[in-house]
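All remarks here apply to the structure that follows.
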Amino acid sequence: MKRSVKILWRVFWGGLLFVILIFLCANFGLFGKMPSLQELENPEADLASEVYTNDGKLMGKYYAENRSEVKYNQISPNIIHALIATEDERFYDHSGIDAKAIARAILKFGTDGGGSPITQQLAKMMLGQGHKNIITRVLEKIKEWIIAVKLEKNFTKEEIITLYLNRAPWGSNYGIRNASKTYFQKEPSELNIEEAAILVGMLKGFIYDPIRHPEASKNRRNTVYERMVECKQQYLTAAQAAILKPKPLTTNYKKPDENVGIAPYFRAVLADKMKEWCKTHKNTKTGENYDLYRDGLKIYTTINSSMQQYAEESVAQHMPIIQKKLDWLLKNNGARMWKGREGIIESAMKNTERWRSLKEDELKDEDIKKTFYIPVKMKVFAWNAKRELDTVMTPYDSIKYHKQIMQTSFAAMDPFSGEVKCWVGGIDFRWFKFDHVTTMRQVGSTFKPLLYTLAVQDAGYTPQTSIAGGTICLGGKCITGGAGTMAYCLAHSKNAAAYRLMQIVGVNKLVEFSHNCGITVKIPPYPSIALGSAEIPMLQMLQAYTMFPNKGYNTQPLFISRIEDKNGNLLQEFRTETKQLINEGDAYTMVKLMQGVVQFGTGRSLNNYGIDAEKAGKTGTTNDNTDGWFIGYTPELLAGTWVGCDDPFIRIYAGTSGGNEMALPKWGYFMKKVYDDRKLPYGKMPKFEIPAVLSNDPIYADQNFAAIVNQDDGYTAPDVGNGDAGDFIIDEPMPDDISAPLIPVDTNKQGPGKKTDDKKITPPAIKPDDKKKVSSTKANSGTNEY
C-alpha cells in the first residue's frame, strides 16, 4: 500500500474517531448539560400558570414566558400541514436527522432553506441554543442531533409535533395556543388555512409579523401556500393556492394585557398568595418548590365572572358622579386643602420614573425638581370611554391631579361558604395599581354593629331597649347627642348611644370580640373605636359581618377553590373555616336592627334600587368626610364598598349624607344587577329566616318594629359627634372594669329564648341622663353619624 494511501486512511479513521469522540463528549455533557433520558421522557417547558373563575373563564396568567399547552387533537390539521410542508416535508420519513436537507444546506450555503428538521428544531428549543459564533454553533448542532435522535426514539411523530408547537415562539407569545388567541382570538383547533399559513410563516422570523410588517407577512403566507402545493404530500392543489394568494391579509389582533381582563386587582393580590403557597409546596417530579411563573399551575378561584362584571360596572356608574362633587369642592377650596402638604407631592415625585431616570443621569435634586414644573404633553386618567385624556400639564400638577382622583373598593362574598365572588380594588388598574380591598382605612360607623352585638349578647339588650342621649365623657373625650331605642340609635347611627354602650361593654371586651370576628389588625384600646376610629381592611370587615346573615357563624373569606398541576392533577383543594360566635337569636336581632338602618335610617335610600330581596346593613363615614362606607347583606349575599382618596386629608365634599351617598349607590347598583340575573343562584331566599325561638316575639313583628325603630328620645339640640380627626387618638385608654351600665333594660321585654347567666350583665334601673350639656365640654362641630 502506498504511503499516500496509508496517510489518507489514517486521516479518515482519525477524523472518524475524532467525530465519534466529539459526539461522545457532547452526549456526556462535556460541552454543556444534556437532558437525561428521564427528562426527555417527561419534557418540561416553562408554562404560564393560569387563573380561572368559578364559572370556567380564563382570568389571566402568571408567566416568565407567555406559554400554554394544547394536545395534538386540539390543533387544527391546517397548522400541522402548513408546518410540515414549510419546515420538514420528510418529517414522517427520517429519524430526527434529515441527511438530504443537511446536504442541500451545505451545498447551497443555506440559501434554499436550513438543514434542521422539525425534531432538531425542537431539540434546539429544549436546549435553548442558537449561538452566532460558528465554532460554538457547530458544537450546538452536534448536541441537537443527539437530542433529536433520542426524541425520535422516545416519542411518536404526533407527540414531537405537539411538543414543537407548544414551545415555538411567536414574538413574545410562546406556543400555538397563545399565538392563535393573540392574532385571531381563536383556539388552535379553529384555525383555517389562511390563518395557519400566517402563523407558520412567522416561524421564519418576527419580520413576518402581520401587524408590524403586513406586506412581508402576506408574501410569506403565500410562500407557505406554495410549499403546501410543492411538498410531496400536496396539502394544497395549485388551483386552491391560486384562489388563496390574492386574498387580503386578515387578523383579529389583541395584545395580551394583564392590566385588563377579569379582576386585575384580585389577580395581583392572588399572585402574592400563590408565591407563598409555592414556597411550601414541592413539585414531586423535580423535588423543588413550585414556580408560579414556569410550572403551568391551574388556579381555580371563587370569583364569578358575571358578578365581577357587575361590580366593575357599578363602580363606573357611580364614581364619576362623586368625583364631580369633589372636583367642585377642590375648585373652590383646593388651595387651602393642600396648604402645608407640599411634602406629599415631593415624596411622590421621587417615586416617579422621571425622577429615577434623571437621577441615573446624575442630575442634582434641585435640577430634577425644576423639570416637574415644565408643561409637557401627557395622558391622564379621565372618566371617559378610554379612561384617559390627552392634555398639556406640568408633571407636578399631574401628581396632584391623580391624587385628587377618588378611589374605591368593592367586594362581595357568600357569607355561608366564604367564597369571594367579586373584587374591585380601585377605579382602574391600568392607572392605579394600589389595591384598596386589602388596605387599612378608618371604618367609621360600620364598626358599630360589633358593639351592638355585644350589647345584645352580654347585656341582654333588645331593639326596644332605651338608650339615653345627652353628654357622655369617656377617656378624656365627650360626645353630646340624642338617642332613643336601641333600634333607633343604630338606624340613625347615634354617636352618644355608641358611647353609652361602650361604657357598658368595655373597650378590651370589644377589641377581643372584634379579633374573634376575624379582624386581625391591631385595634387601639380607646373608646373612640365605638365611633369607627380603627383602621381595618374591607375583607376583614366582611368576615366580621358574616355572623349576621349566617345565623351567628363567622366565615373566613375564601378566594381559591383548588390548585392543579399542568396535567390536571389536584394539588390542593380549599375549604373555608367557620365558627359560631353568637347564637342564632342574637344574630337575627342584629339583622333586624340593621334592617332598620335600611328601612328607616341612614341607609334608607337603598330602597330606591328595586332589589328583589330583604336588605340589612350599615353606613359609615369618618371625620371630615374622608371615608365613606357601606356594608350590607341580603339573606344570600354579603358585600361592602368604600370610597375615599388615597391621601386621607382630602375630604370628599361638604354637605354629604356620608356613606349613604358616597358608597351605598354602588352596592345598590350591584345587587340590583345580581338579583335581576336569573342565571345566578340568588333570589331563592328573598327573606331573612326568623328563628323559631323568636317567631312569636312581638318586638320583631313588622308593625311593632317600625314603631320601635322610629322612637327617639326627643333630644333637639345639635349633635356633636366625632369631631376632628385628632379626636380619634386618645391618650388615656378607657378602664375596662366598668360593669354597671347607665341605662335600664326592660327585662320583661327581652323576648323568648333570652337567657341570663353569670356572664350576662344585669343592668340596674338607673335614671337616664338628664341631657344637660356639660359646661366644661369643648363642643366639636361636624358630626359624622352615618
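Numbering of residues begins at 1 and proceeds along the displayed sequence. Note that this is a predicted model, so its numbers are computed, not measured.
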Sub-4.5 Å side-chain heavy-atom contact between [X] and [Y]:
{"X": "I299", "Y": "L292", "result": "yes"}
{"X": "W170", "Y": "L199", "result": "yes"}
{"X": "Q121", "Y": "D88", "result": "no"}

Within the 6.0 Å centroid threshold, strictly below: [X] and [Y]:
{"X": "Y253", "Y": "Y183", "value": "yes"}
{"X": "Y310", "Y": "F670", "value": "no"}
{"X": "Y174", "Y": "Y63", "value": "no"}
{"X": "F559", "Y": "W423", "value": "yes"}

Requested in this report: Evaluate the ring planes of W277 and H281, with Trp represented by its six-membered ring, and classify them as parallel (under 30°), tilted (30 to 60°) or perpendicular (over 60°).
Outcome: parallel
Query raised in the report: So with a 6.0 Å cut-off around NZ of K57, is the heavy-atom count from everything else above 12?
Result: no
Report summary line: Exactly one of D55, L680, T53 clears side chain to side chain contact (heavy atoms under 4.5 Å, CB included) with M307, and that residue is L680
Which heavy atom of [X] sits nearest to which heavy atom of [Y], and what is that distance?
{"X": "R678", "Y": "Y682", "value": "NH1-O, 4.3 Å"}
{"X": "I211", "Y": "P214", "value": "O-CD, 3.9 Å"}
{"X": "R221", "Y": "A197", "value": "CG-CB, 3.7 Å"}

Query - Pairs satisfying ring-ring contact (aromatic ring centres under 6.0 Å, His included), at least one member in residues 190-244, at least two apart - result: H81-Y235
Query raised in the report: With distance as the sole criterion, is a donor-acceptor pair present between the side chains of D295 and Y62 under 3.5 Å?
Result: no
